[in-house]
Trainee: 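Before we start, here is the structure in question, set down as structure tokens.
Sequence positions, counted from 1, serve as the residue numbers for this chain. All ligand and atom numbering here is 1-based and tracks the order in the structure.
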Amino acid sequence: MTRPRIFVTRRIPEKGLEMVQSLAPDYEIEVWQDPLPPAYEVLLQKIRGVTGLYCLLTDKIDANLMDAGGPQVKVISQMAVGFDNIDIPAATARGIPVGNTPGVLTDTTADFAWALLMSAARRIVEGDKFTRAGKWQTWGPIDFLGPDISGATLGIIGFGRIGQGVAKRAQGFDMRVLYYDTQRYPEAEQKYGAQSVDLNTLLHESDFVTLHTVLSKETYHLMDDARLKLMKRSGILINTARGPIVDPAALYRALANGTIAYAALDVTEPEPIKPDDPLLTLDNIIIAPHIASASFQTRNKMATMAAANLIAGLKGERLPNCVNPQVYK
Ligand code: DGY
């Protein structure tokens with residue numbers, strides 16, 4: 001008798017893998033071994049006939065793919081909090097619950113946004129390159145100057161869990177914290193001394209602008225030429241959310257022309273960034289390869305949380321973290 005199948009689209013942290021492998025007597029499990037994600041055409045083949053799909057943000061999961069899977073697909077479990085790579089309405093229409101991993105990466109990602117902020121302000125990456133290139137000849141009174149962080153104004157776009165985590169850390173730096181979101185968070189405002197403002201005010205008054213919103217039709221290229229121009233010329237932009245929230249061509253112009261001073265990105269459009277992308281020719285930008293959640297502890301938690309969602313879905317139980325609970329109505 002053939003066993004129901006599970007496809008895992010990449011090698012995942014050990015603890016999550018063990019949970020998935022524990023299903024082996026009853027399920028046939030395939031884990032994609034290549035370090036690069038399966039191409040869409042390959043995924044179309046692999047999903048055919050599966051009961052459970054364990055996927056990552058690098059996999060495009062659209063209606064076509066779900067249909068290629070077949071009516072027996074019981075669950076799609078993603079090892080990420082973001083799910084803009086998955087067509088959620090299509091999954092809901094097909095009655096497939098989709099799981100994600102909220103909460104566990106909040107602190108790790110907020111820490112990393114701060115690491116980028118500090119590295120950009122204090123020009124740590126530039127300094128490191130300079131040292132390695134053998135250019136460090138003396139202590140320079142006007143070398144590598146950057147803005148103070150303490151006492152500066154921090155503008156947070158998107159004030160959900162991670163945005164609030166960034167605000168919490170700003171308290172230690174005596175910063176004025178502004179935020180822009182489509183909703184108000186009175187409790188967090190009090191807790192972190194944050195003030196809700198409109199987007200233009202935030203861009204105009206902040207020394208640091210950090211993005212923590214989801215990617216949607218509304219936020220696609222939110223940071224375009226016009227909005228970058230609203231920032232201070234000394235302003236620093238940080239993006240640990242999703243690449244396409246920033247228009248990369250506009251960002252290049254802003255950094256090259258001195259419209260803003262610096263940017264620090266963990267996410268890009270496209271991802272990975274192409275080796276000939278003009279942004280890579282600039283000195284006033286730091287680009288990390290989407291690693292904000294990459295701590296040992298957090299990646300293990302994400303992997304086990306996604307495994308728990310997968311297992312619940314296979315059993316026909318409600319996913320502990322489901323992004324489309326409408327499927328249960
Ligand atoms: C997510 O989970 O959405 C992050 O971008 C990767 O950790």
Trainee: For Gly82, counting its heavy atoms only, list the atoms of ligand 1 lying under 4.0 Å from any of them.
Mentor: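 Those atoms are 1 (C), 2 (O), 3 (O).
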
Trainee: Determine, for Tyr40 and Lys60, whether the Lys NZ or Arg CZ falls below 6.0 Å from the six-membered ring centre while staying within 45 degrees of the axis.
Mentor: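 Yes.
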
Trainee: At less than 4.0 angstrom from any non-hydrogen atom of Val81, what atoms of ligand 1 do you find?
Mentor: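 Numbered from 1, ligand 1 contributes 1 (C), 2 (O), 3 (O).
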
Trainee: Within ligand 1, which atoms have a heavy atom of Ala80 less than 4.0 Å away?
Mentor: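 Result: 1 (C), 2 (O), 3 (O).
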
Trainee: Which is it for Met175 and Ser150 under the side chain to side chain contact (heavy atoms under 4.5 Å, CB included) test, yes or no, and what are the steps along the way?
Mentor: CA-CA 6 Å; Met175 294 180 99; Ser150 294; over 6 Å; no

Trainee: Given the side-chain rings of Phe144 and Trp136, with only the six-membered ring counted for Trp, is the space between their centroids under 6.0 Å?
Mentor: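 Here the rings of Trp136 and Phe144 have centres that are no less than 6.0 Å from each other.
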
Trainee: What class does the angle between the rings of Phe159 and Tyr179 fall in, given that below 30° is parallel, 30 to 60° is tilted and above 60° is perpendicular?
Mentor: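 Plane angle under 30°, so parallel.
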
Trainee: Transitively linked via ILVMFWY side-chain contacts under 4.5 Å: Val73 with Val323?
Mentor: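 They do share one cluster, since a chain of ILVMFWY contacts under 4.5 Å joins Val73 to Val323.
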
Trainee: Determine whether the side chain, the backbone, both or neither of Leu105 has a heavy atom under 4.0 Å from any heavy atom of ligand 1.
Mentor: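 The part of Leu105 near ligand 1 is the side chain, not the backbone.
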
Trainee: Are more than 12 heavy atoms from other residues, nucleotides or ligands located less than 6.0 Å from atom CZ of Arg11?
Mentor: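 Open: at most 12 neighbouring heavy atoms sit under 6.0 Å from CZ of Arg11.
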
Trainee: Check for me whether His290 has a heavy atom closer than 4.0 Å to any atom of ligand 1.
Mentor: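 Yes.
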
Trainee: Of the side chain and backbone of Val267, name the one, both, or neither that has a heavy atom under 4.0 Å from an atom of ligand 1.
Mentor: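 For Val267, there is no contact with ligand 1 at all, from either part.
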
Trainee: Heavy-atom contacts with Met302 under 4.0 Å: which atoms of ligand 1 show up? List them by number with element.
Mentor: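 Heavy-atom distances to Met302 below 4.0 Å select 2 (O), 7 (O).
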
Trainee: Treat each ILVMFWY residue as a node, draw an edge where side-chain heavy atoms are under 4.5 Å apart, and state whether Ile29 and Val50 are in one component.
Mentor: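 As far as the 4.5 Å side-chain criterion goes, Val50 and Ile29 are not connected within one cluster.
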
Trainee: Considering the heavy atoms of Ser293, write down every atom of ligand 1 situated less than 4.0 Å from one of them.
Mentor: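 Atoms satisfying the 4.0 Å criterion: 6 (C), 7 (O).
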
Trainee: Does an N or O anywhere in Arg242 fall below 3.5 Å from an N or O of ligand 1?
Mentor: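 Arg242 vs ligand 1: N/O contact under 3.5 Å present.
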
